[in-house]
There are 2 protein chains.
Amino acid sequence: MRAGERAYQALRADIVEWRLLPGQVLGEVELSERLGISRTPVREALSRLTADGLTEPHSGRGVVVATISAEDVRSLYEFRDSLDCRAAELAARRGDPEVFRALAGELLEALEGLTSDDDPDHASYYELVQRMDAAIDEAAANPFLRQAQTGVRLHLARVRKLSKSDPRRLASAAVEHQRIAQAIADGDPALAIATTRVHLSNALQHALNTKELAPVRPAAS
Amino acid sequence: MRAGERAYQALRADIVEWRLLPGQVLGEVELSERLGISRTPVREALSRLTADGLTEPHSGRGVVVATISAEDVRSLYEFRDSLDCRAAELAARRGDPEVFRALAGELLEALEGLTSDDDPDHASYYELVQRMDAAIDEAAANPFLRQAQTGVRLHLARVRKLSKSDPRRLASAAVEHQRIAQAIADGDPALAIATTRVHLSNALQHALNTKELAPVRPAAS
DNA sequence: TAAGTCTTCTGTGTATACACTCGGGGTGTT
DNA sequence: AACACCCCGAGTGTATACACAGAAGACTTA
């Protein structure tokens, strides 16, 4: 793989998983030494991260990891609502019912797996949700919408990493996802929007309640 | 200004205004010679253009100017509908009524100026619409939404450059904009959404009818 | 002692040289 | 004659050197 691509993915993962904290200054020279590559691919990686909104220019002095406040989370979910509702609506209109009927069934099974927690990371559940997102994107068949979703999900993943894994919330989310999948499978756009909106409302409540957004201190250096 | 920034803006303008046609291959060496700068800032500019969706990677062989089909325009307006309706709704909830009342008044005046075409480019009208967009962004107060709008408007500008300036359509659009501004000024979110949707529906019809999207041939080289 | 300025230094912006990969064309073989 | 392999070149990917700008610190002066 290209060095710039590797650097981008490594830094992106570091930021999303909070190994690089908000306020941390990312110097080109320092990064090139740490990653063992030259400044050129590092610059490319930093440019892409800034375009993604994960880093911000620091007054001509390189870039810093972007902070994320509770207000940002609200804005993010508000924006996400526009995208996800439209995507669900389009999927209900255009999608293959069989695909979403199958997903709804898988979600029911996963719901049982979530109560009996033999999978502490719930990796299989998250993988299932990811497949559902991909299926909705596919069904919505709108490249602009898809690109926006990709960007939003990056920030969402970063926010989600802050939340404690709450089994009860996870079970509720699974039920909500199941209802969305069912509405799409039934080809009911209005219901798809409604179920999506319900899910996002609950998800935002959970995100704002259980997370410590403000207390996160910028990195010392 | 930085060389990379200049190169980016120059190329972006060339693509948006159809001086660079879809399919045109943009080689780094060729561009660096044409713009009188080195390859490094050219690479930066091309990266940003690709992130904007104005250019696409060409199998590791540089980038090419992105094509834009009638289907792309439909997708673009479908996506734009999500954004503009949400923005109008938020503006109706949060915006300062006075700002939009003033805009509605200016649109009424502009409507008269459009019929008596003493301004052949309608520059003042377009400037007014731009101010209204900015006011809505400001009132919606959502950074994610705003960034998405910026990206969409880039593609919209590119599509619009293909359309013949139709005075009747322009007058209709002015009325539609006026109704949107009025709904926002009245603090009526539902009406703001409805008027926006009406406007976009008409705009899409006009865009698809009057433009020659498919006939545009990729550049010879 | 405080404020202003000068110096220095760190780090980015740009240019250029080198390496490597992917196509294309030509030639040889079957 | 057709197919496969090899050589060559064009162009990108990466490294590095140099120029320049902004900031921090120290020194001087009022």
Side-chain angles (χ1 to χ4, degrees), chain A residues 1-15 19-67 147 217-221, chain B residues 1-15 19-67 147 217-221:
Chain A
M1 192 188 288
R2 299 201 328 275
E5 182 71 20
R6 261 184 302 145
Y8 169 69
Q9 292 188 7
L11 288 172
R12 192 180 64 178
D14 282 347
I15 294 174
R19 288 189 292 270
L20 284 175
L21 297 182
Q24 173 77 267
V25 176
L26 300 179
E28 295 179 3
V29 178
E30 174 213 339
L31 285 177
S32 66
E33 290 171 355
R34 181 159 73 86
L35 298 174
I37 57 181
S38 80
R39 279 181 52 212
T40 309
V42 169
R43 281 180 70 82
E44 181 201 333
L46 291 179
S47 295
R48 291 174 65 183
L49 289 171
T50 302
D52 289 337
L54 290 178
T55 58
E56 292 167 346
H58 184 237
S59 76
R61 215 63 178 178
V63 301
V64 298
V65 177
T67 61
Q147 190 187 350
R217 286 281 123 246
S221 169
Chain B
M1 191 188 287
R2 300 203 323 277
E5 183 70 20
R6 261 185 302 145
Y8 168 70
Q9 291 188 9
L11 287 172
R12 190 180 65 177
D14 283 347
I15 293 174
R19 287 189 293 270
L20 284 174
L21 299 182
Q24 172 77 269
V25 177
L26 300 179
E28 295 180 4
V29 178
E30 173 213 340
L31 286 176
S32 66
E33 290 171 354
R34 181 159 74 86
L35 299 173
I37 56 180
S38 79
R39 278 180 52 211
T40 309
V42 169
R43 281 179 69 81
E44 181 201 332
L46 292 179
S47 295
R48 291 175 63 184
L49 289 172
T50 301
D52 289 337
L54 291 177
T55 57
E56 292 167 347
H58 184 237
S59 74
R61 218 64 179 177
V63 301
V64 299
V65 178
T67 60
Q147 190 187 349
R217 285 283 120 243
S221 167

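Each chain gets a letter, A, B and so on, in the order the sequences are listed, and its residues count up from 1.
- Closest approach of B:A66 and B:G53 over heavy atoms only: CB-O, 3.7 Å.
- Rounding to whole angstrom units, CD of residue A:E28 and P of C:dG11 are separated by 11 Å.
- Nucleotide C:dC20 holds its C1' atom 18 Å from the CE atom of A:M1, rounded to whole Å.
- Looking at residues two or more places apart in sequence or on another chain, you find a side chain to side chain contact (heavy atoms under 4.5 Å, CB included) between A:A13 and A:E17, A:R19.
- A distance of 11.5 Å separates CG of A:D14 from CG of A:L54, quoted to the nearest 0.5 Å.
- Within the structure, the salt bridge (charged side-chain N to carboxylate O under 4.0 Å, His left out) test picks out the following pairs touching residues 41-59 of chain B (sequence neighbours left out): B:R2-B:E44, B:E5-B:R48, B:E28-B:R43, B:E44-B:R48.
- Rounded to an integer number of Å, the gap from CD of A:E33 to C1' of D:dA15 is 14 Å.
- Considering only residues two or more places apart in sequence or on other chains, A:T50 meets the side chain to side chain donor-acceptor pair (under 3.5 Å) condition with A:T55.
- For the contact set between residues 2-12 of chain B and DNA chain C, defined by any heavy atom under 4.0 Å, the members are B:R2, B:A3, B:G4.
- Residues of residues 34-48 of chain A having a heavy atom closer than 4.0 Å to DNA chain C, listed by number: A:R39, A:R43.
- If you take CG on B:L26 and CZ on B:R34, they are separated by 8.0 Å, rounding to the nearest 0.5 Å.
- Nearest heavy-atom pair, A:G4 versus A:A45, reported as atom, atom and distance to 0.1 Å: O-CB, 4.0 Å.
- Listed by chain and number, the residues in a side chain to side chain contact (heavy atoms under 4.5 Å, CB included) with B:S47 amount to none (sequence neighbours excluded).
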